[in-house]
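Right, one structure below, let's go through it.
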Amino acid sequence: MIRRTHKARVSRPVFDAPDPIDAYLDALWLSLRNQADRNDLVAEAEDHLREAVERQVASGTEPSAAHELALREFGDAALVARALVRTRLHTVPRPTPATRAAGRLGKWAGIAWLLAVATYVYQLCSNPWLAERYLLFQVVAGMATLLTSVLMFGLFARAGAARSPRLMLALPVTLLTLAGNTVFTWMWSITNLQLALTLWLALLECRRAGLWPGHGVGRLSVLIWPLAALVSRAGSLLRIGPLDEYGDYPLLDSWAFSCAAAAFALACWLIGSALASEPVDEAARVRLVPAMPIAVADPSSTPRTWPAGVAADGVTGSAASDHLSTTGSSRDTDRASTRRQPDSATQWGPPETHPH
Amino acid sequence: MKGDVLRGHLDLLVLQVLADNPLHGYAIIDELKRRTDDALEVPEGTLYPVLHRLERERLLEASWAEVNGRRRKSYRLTHLGTQALAERRRGWTDFRSAIDAVLGGPTAQPSVGRTP
């Protein structure tokens with residue numbers, strides 16, 4: 001049999017009858033794009049399919065019929081891949097010490113937003129305008145934004161959305177907001193729209209995870225900054241209040257920021273309190289224990305015996321998979337050759353006993 | 001049994017099957033069929049995502065071995081998995097008792113194809 005690459009399968013002539021399982025596994029491999037351990041997933045599928053065929057043939061079924069039955073029962077490659085990928089996008093949603101800590105910091109975010117209102121009014125009251133007061137306001141606003149960001153990522157973590165696309169979007173938006181609220185604080189009506197966007201993404205993840213379905217405060221809190229921005233813009237467009245030396249009409253801008261920050265402070269306090277008050281799952285405590293190296297597989301054909309002394313809690317294949325998701329596997333287009341190159345950290349060799 | 005009913009209890013079934021011995025995916029499906037006298041047939045496309053999810057939840061631990069020239073991934077219960085199994089068995093017992101109470105007690109009707 002000639003060695004086949006994914007590209008070569010289409011163009012080169014086939015000297016042997018194509019193996020339907022090979023074709024299926026090729027399709028599965030292609031469907032599992034961007035999965036660091038897809039070789040492992042394909043190897044597991046191959047083992048299942050080949051065993052199914054062997055058993056069918058042993059029971060008297062024609063090989064071609066056995067192949068067809070095994071593949072039909074396993075399911076469409078694209079659908080199987082999608083099911084596997086979908087379970088990986090989200091980790092298990094559960095309260096952890098980290099989410100509780102994020103909730104406590106969220107309560108501090110509420111206090112920080114109230115302080116932001118206070119320092120905002122303080123710097124407004126200065127006549128002439130004092131740069132030191134405005135700097136104080138910037139620092140407090142930046143701190144409030146930072147603490148709010150921690151709260152939001154706590155919401156993502158609580159929803160088990162560690163790998164969700166929404167979190168990938170929220171990360172750069174949060175950094176922009178942080179920079180904006182610290183350096184360009186006067187542009188709060190724009191930068192805090194980003195804050196609302198990140199909060200909305202976090203709450204969507206919570207809703208997906210079935211958390212706080214009736215949490216009206218969370219839903220309303222998303223609207224605070226957009227409404228305040230509208231009011232601020234309306235003040236400028238309708239020329240409400242006195243004109244300042246910069247040609248702006250800051251009256252509604254000031255009121256909008258103050259009211260929005262106070263309302264947002266309350267929302268952060270309530271959401272943070274809810275997050276901080278959840279009891280921590282015992283399983284999550286175990287998860288904080290550093291993972292131990294996975295047991296080495298016995299390469300013999302006899303059924304593997306589990307080595308004594310392996311601490312079950314910390315030793316999982318997923319630990320190896322997580323490790324590989326950061327190191328990555330090579331882009332190997334010849335799937336047949338990659339069957340001999342396992343993705344997991346498990347090395348072929350005699351079993352080892354690992355200390356607890 | 002309808003698929004949606006099975007899906008809600010598949011975790012419990014998988015954990016129970018693995019409570020005695022480590023098994024690979026095909027063997028788990030086989031064991032479920034054997035124990036239920038072919039009443040339960042879990043699709044492979046359903047089982048493997050469940051196995052991977054339970055592995056990520058630290059309820060199962062996986063290991064690779066070479067069998068018949070192929071790589072085989074076997075699963076076994078972790079300590080957490082044992083606890084989770086006990087908890088879910090209790091939950092199932094409570095659920096079954098509640099349903100039985102509504103239905104008026106356990107029914108003695110034999111299922112189709114079985115001798116009483």
Side-chain angles (χ1 to χ4, degrees), chain A residues 39-41 43-52 54-55 70 73-76 79-80 83-88 90-92 94 282-283 286-287 291 294-306 310-322 339-340 342 344 346 348 351, chain B residues 3 7 10-11 14-15 18-31 33-34 41-88:
Chain A
N39 286 339
D40 281 352
L41 294 172
E44 193 174 14
E46 180 179 13
D47 179 49
H48 181 108
L49 289 165
R50 301 250 181 243
E51 183 171 3
E54 284 165 8
R55 292 205 187 189
E73 287 187 345
F74 201 81
D76 178 78
L79 293 178
V80 169
L84 288 170
V85 169
R86 194 178 298 133
T87 60
R88 281 144 182 264
H90 304 290
T91 53
V92 179
R94 55 161 59 106
E282 276 308 311
V286 177
R287 193 178 279 196
I294 195 166
V296 173
D298 183 352
S300 65
S301 60
T302 56
R304 187 182 180 285
T305 56
W306 297 94
V310 173
D313 294 348
V315 182
T316 63
S318 64
S321 298
D322 289 342
R339 289 186 221 171
R340 303 292 178 258
S344 69
T346 307
W348 304 115
Chain B
R7 206 170 295 125
L10 192 50
D11 285 11
V14 169
L15 291 174
L18 291 172
D20 301 326
N21 295 303
L23 293 171
H24 60 289
Y26 188 93
I28 293 172
I29 294 175
D30 226 23
E31 185 65 12
K33 282 168 64 174
R34 186 188 69 78
E41 204 160 327
V42 180
E44 288 83 340
T46 303
L47 176 72
Y48 283 102
V50 168
L51 288 173
H52 295 153
R53 178 172 50 76
L54 292 175
E55 188 186 354
R56 282 192 4 261
E57 292 178 19
R58 308 291 203 263
L59 303 185
L60 298 181
E61 178 188 22
S63 179
W64 290 91
E66 187 161 348
V67 177
N68 296 334
R70 300 192 297 267
R71 294 173 60 215
R72 172 161 295 170
K73 188 176 185 181
S74 298
Y75 300 86
R76 76 157 186 173
L77 279 194
T78 63
H79 176 63
L80 268 179
T82 306
Q83 289 178 338
L85 172 60
E87 187 186 316
R88 289 175 205 213

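On a predicted model such as this, the values are computed, not experimentally measured, just so you know. First the proteins, then the strands, lettered A, B, ... as listed; each starts at 1.
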Exercise. Applying side chain to side chain contact (heavy atoms under 4.5 Å, CB included), run through His52(B) and Leu84(A) and close with a yes or a no.
Key: CA-CA 8 Å; His52(B) 295 153; Leu84(A) 288 170; 3.1 Å; yes
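If you measure heavy-atom distances from Ile29(B) to chain A, the contacts under 4.5 Å come from the side chain alone.
The ring pair (Phe, Tyr, Trp, His ring centres under 6.0 Å) check on Phe74(A) picks up Tyr24(A), His48(A), Tyr48(B), with sequence neighbours excluded.
Atom CD of Glu44(A) sits about 7.0 Å away from atom CG of Leu51(B), to the nearest 0.5 Å.
In this structure, His24(B) and Glu51(A) approach most closely via the heavy-atom pair NE2-OE1, 2.6 Å. Taking all atoms of both residues into account, the shortest heavy-atom contact from Asp47(A) to Arg72(B) is OD2-NE, 2.8 Å.
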